[in-house]
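To keep things clear, I will list the structure first and then write my remarks on it.
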Number of protein chains: 2
Amino acid sequence: MNVVELIQRKRDGGRLTADEIRGLIQAYADDHVPRYQMAAMAMAIFFTGLSADELGVWTDAMMRSGEVLDLSDHPLPRADKHSTGGVGDKISIPLAPMVAACGVAIPMMSGRGLGHTGGTLDKLETIPGFTTTLDPPDFVRILGETNLVLAGQSETLVPADRRLYALRDVTATVESVPLISSSIMSKKLAEDLDALVLDVKFGTGAFMQEFEDAQLLARTMLGIGDAHGTKVSAFLTDMSQPLGREVGNANEIRESLEVLAGGGPTDVVDLTYALGTEMLLLAGAARDEEEARDRLATAVANGAAMDVFRRVVAAQGGDTKVLDDPSLLPVAANSHTVTAASDGVVVEANARRIGVAGMRLGAGRATIEDVIDPGVGITLHAKRGDRVRQGDAVAEVAWSDPARLEDCLALLESAWVIGPEATPPPLIRERLRNDHASRQ
Amino acid sequence: MNVVELIQRKRDGGRLTADEIRGLIQAYADDHVPRYQMAAMAMAIFFTGLSADELGVWTDAMMRSGEVLDLSDHPLPRADKHSTGGVGDKISIPLAPMVAACGVAIPMMSGRGLGHTGGTLDKLETIPGFTTTLDPPDFVRILGETNLVLAGQSETLVPADRRLYALRDVTATVESVPLISSSIMSKKLAEDLDALVLDVKFGTGAFMQEFEDAQLLARTMLGIGDAHGTKVSAFLTDMSQPLGREVGNANEIRESLEVLAGGGPTDVVDLTYALGTEMLLLAGAARDEEEARDRLATAVANGAAMDVFRRVVAAQGGDTKVLDDPSLLPVAANSHTVTAASDGVVVEANARRIGVAGMRLGAGRATIEDVIDPGVGITLHAKRGDRVRQGDAVAEVAWSDPARLEDCLALLESAWVIGPEATPPPLIRERLRNDHASRQ
């Protein structure tokens, strides 16, 4: 394999064969292709892209660079959900137990927060004792016992992605739709799923701010699912304001528990049910949307969903007492109120500003080395469309470090725009299914 | 300096400031910027280019990454010629002594052959004892004594280019006009020149096969010269067939000596005089073309040019007896004749095929580690426009290894195309001068 020739061909808009792609990815994973060649290849792909065929093979080769889960012994169909990341996006936490309670196994591997977006692992770890670091045997065992497991990505899965992502991060080659798509999908497909539902966000708080970019990303990932023979749906959802009323790690666990208990803010509930319905349908665990929705509602109403969550928390070493008494979750000692500057209607509660403000407060990480403060957070009292009067509280900040509070407020106070009227856009703008998912 | 941010800006078509470029190049030369970041930057530049301002600074920063010659003590104006490389291109060897004999100092640093193109150093080293490896003090001393020095590039000059070129070679980022231009010009400008004449080739045997690509390369290098305040001219010359009748290292020295003695093939003589005239004009050593041409012809006729060459060969350890008796140069023991396949006129004597055939014979290198066979070569008996009869010799191959001869002939025999008629294009298609050169 002449790597220079492959880079040159890709640079000039040509195609790589399946054998060439598999050879390249494996050699890179094995440290036989130097990083400078992979950096040049990534930048060439940034400019010239990968065809659907190339991308299917690329993703498969990434997936096969390490261990791939074999969950075929599990008696239930397996599904997962992946979000491209947002502010206040705690959907996975109520969703996974709800769907698992309806007879779908969820082998969920999640990530950590970085920049203005939060991470499911950081949120779960605010439950005292809860561990997200599981060996593959424990991962499979817990899934078998509870139909749900909520873990970080195993070191042994998709090592090529870990190497490539670290390289892309330092070579300005992150923002490439095929490379983003294959990174996400290689990790999800390694979970040995029957079905995958993607929550692809657009708006100020999303990685892809423009709807069209998010749509392209979604379609690209659906195509990878088809190449792999996996049912994939994508929901294109608005991330121009935070999801729900809580931003921050323990804050979001509290809100998730509300949803599992039958409450919670409308947007979080709506999105959880929409994604859950699709997971049940794709996994073949419900005949139609109505049945799927009913089953999810029943699992919440009769406590089955909360019970799954209780069992998985226990299995992963967490203190289940917090499920009965969320006040046992960490909470910062101090509180600060942000007020409306004028009378009117909230036109904007800017997701990116609120997300970065939360990061500055200690709820997130500017760099991967930063340490999360689990008890700090922002509780939103006014979202788009809400009527406010000057001096009304629009948010409550739970803080622990005065310097961080100051940094946070410098941004947070300008996150709300108040005007004469507002017409909030729909939360879910489009649902797309790949060929495999449409055929069922 | 945030290198990722610089790569991203360049990737997205933005501009780098002078300080950013200088910081990047120096940090790369000092091994403080990893190769994978420079590879990504080079690929981004391949796609988005560098503005004239950026390129001027980039080249200057490359030049200043190491030692820069200071030849200001030399009493004569200083000029040099650079060719982008071709087959049978031995022009530097007669040209430099001719121009030096007319009162212009030539601090010439040359390269080695690679691929189908030859290198001046390899040719000069067929003169027994001749060394092209000179320390800077010896380089300056010999230039002072003879007005000419013919050396390889010093390790201490433009180290950033050596690092970057090696990286580009393995990351498919060689074929970038700004990167090629800055690589060439940083090395030439480090010679502390008053004037530079470029021979930019196009055609099958050239790096840039299309005239328009060669023209863009030439214009880009002229712009760099303006940014540096140096007079630069470029000749766009045909390299669709070899220059002269000799291809091979000792072969080309023999032909060069013919030109210095007042003979030689028309195309070599014409190009030598054209380039030499321009060097004298730009260096201020002649008032007009006629005077320049007369001075060059006189230097050949009265032996002054040959005398300069004799002195520089002696100063660089070479055996000057070969100047009087070229049969002392190495010559391969065996000879093979290539004949015309039909009657007609030579329509093509394909420079690339003949160049690669010569490389296979041992006259050039496929990789930088290959060892040259100094005595092998190809003597052309028929070039474009020549009338031949079936069975006439079109070339004579001097060979030493039968396997190499076989490899050579497999390509060489198809290098000649014979047809009913041919209209050879002009050797020199265009001459361009930069603003500094035009102003004089």
Side-chain angles (χ1 to χ4, degrees), chain A residues 1-16 20 24 27-28 31-50 114-115 160 162-180 207-210 213 366-368, chain B residues 1-16 20 24 27-28 31-50 114-115 160 162-180 207-210 213 366-368:
Chain A
M1 187 177 57
N2 180 340
V3 178
V4 182
E5 200 272 317
L6 301 190
I7 302 168
Q8 184 167 336
R9 186 155 8 113
K10 184 42 66 188
R11 182 197 78 185
D12 295 341
R15 298 213 173 172
L16 307 181
E20 287 168 345
L24 176 70
Y28 180 64
D31 216 3
H32 294 150
V33 166
R35 289 187 287 182
Y36 52 82
Q37 289 188 320
M38 205 60 177
M41 179 63 94
M43 189 60 88
I45 290 172
F46 175 89
F47 281 98
T48 66
L50 289 172
L114 189 62
R162 227 185 324 281
R163 279 178 76 83
L164 183 55
Y165 191 85
L167 182 66
R168 288 167 56 209
D169 195 41
V170 294
T171 55
T173 49
V174 169
E175 298 89 346
S176 158
V177 166
L179 294 179
I180 295 166
F207 179 68
M208 294 288 188
Q209 305 208 7
E210 300 301 323
D213 294 337
T367 72
I368 216 152
Chain B
M1 186 178 56
N2 180 340
V3 177
V4 182
E5 200 271 318
L6 301 190
I7 301 168
Q8 184 167 336
R9 183 151 16 110
K10 184 42 66 189
R11 182 197 79 185
D12 295 341
R15 297 212 173 174
L16 307 181
E20 287 168 346
L24 176 70
Y28 179 64
D31 215 3
H32 294 151
V33 165
R35 288 187 287 181
Y36 52 81
Q37 289 189 320
M38 206 61 177
M41 179 63 94
M43 189 60 87
I45 290 171
F46 175 89
F47 281 99
T48 67
L50 289 171
L114 190 61
R162 226 183 328 278
R163 278 180 76 83
L164 183 55
Y165 192 85
L167 182 66
R168 287 167 57 209
D169 195 41
V170 293
T171 55
T173 49
V174 169
E175 299 89 346
S176 159
V177 166
L179 294 179
I180 296 167
F207 180 67
M208 295 287 188
Q209 305 207 9
E210 300 302 323
D213 294 337
T367 72
I368 216 153

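Bear in mind the structure is a predicted one, so any value in this text is a computation, not a measurement. Order of the sequence lines fixes the chain letters, A, B, ..., with proteins taken first and strands second; residue numbering starts at 1 for each chain.
When each of A:V4, A:V3, A:D169 is scored by its heavy-atom pairs under 4.5 Å with chain B, the top score falls to A:V4. By number of non-hydrogen pairs under 4.5 angstrom with chain B, the leading residue of A:M41, A:R35, A:R11 is A:R11.
When heavy atoms are compared at a cutoff of 4.5 Å, A:L167 approaches chain B solely by way of its side chain, counted from C-beta outward. For a residue to count as touching a neighbouring chain, one of its non-hydrogen atoms must lie under 4.5 Å from one of that chain's; by this rule A:D12 touches chain B with the side chain only.
Heavy atoms of other residues, nucleotides or ligands lying less than 6.0 angstrom from CD of A:E5 number more than 12.
Smallest separation of non-hydrogen atoms from B:Y36 and A:A39: O-CB, 3.3 Å.
Note that CD of A:Q8 is 10.5 Å distant from OG1 of B:T171, once rounded to the nearest 0.5 Å.
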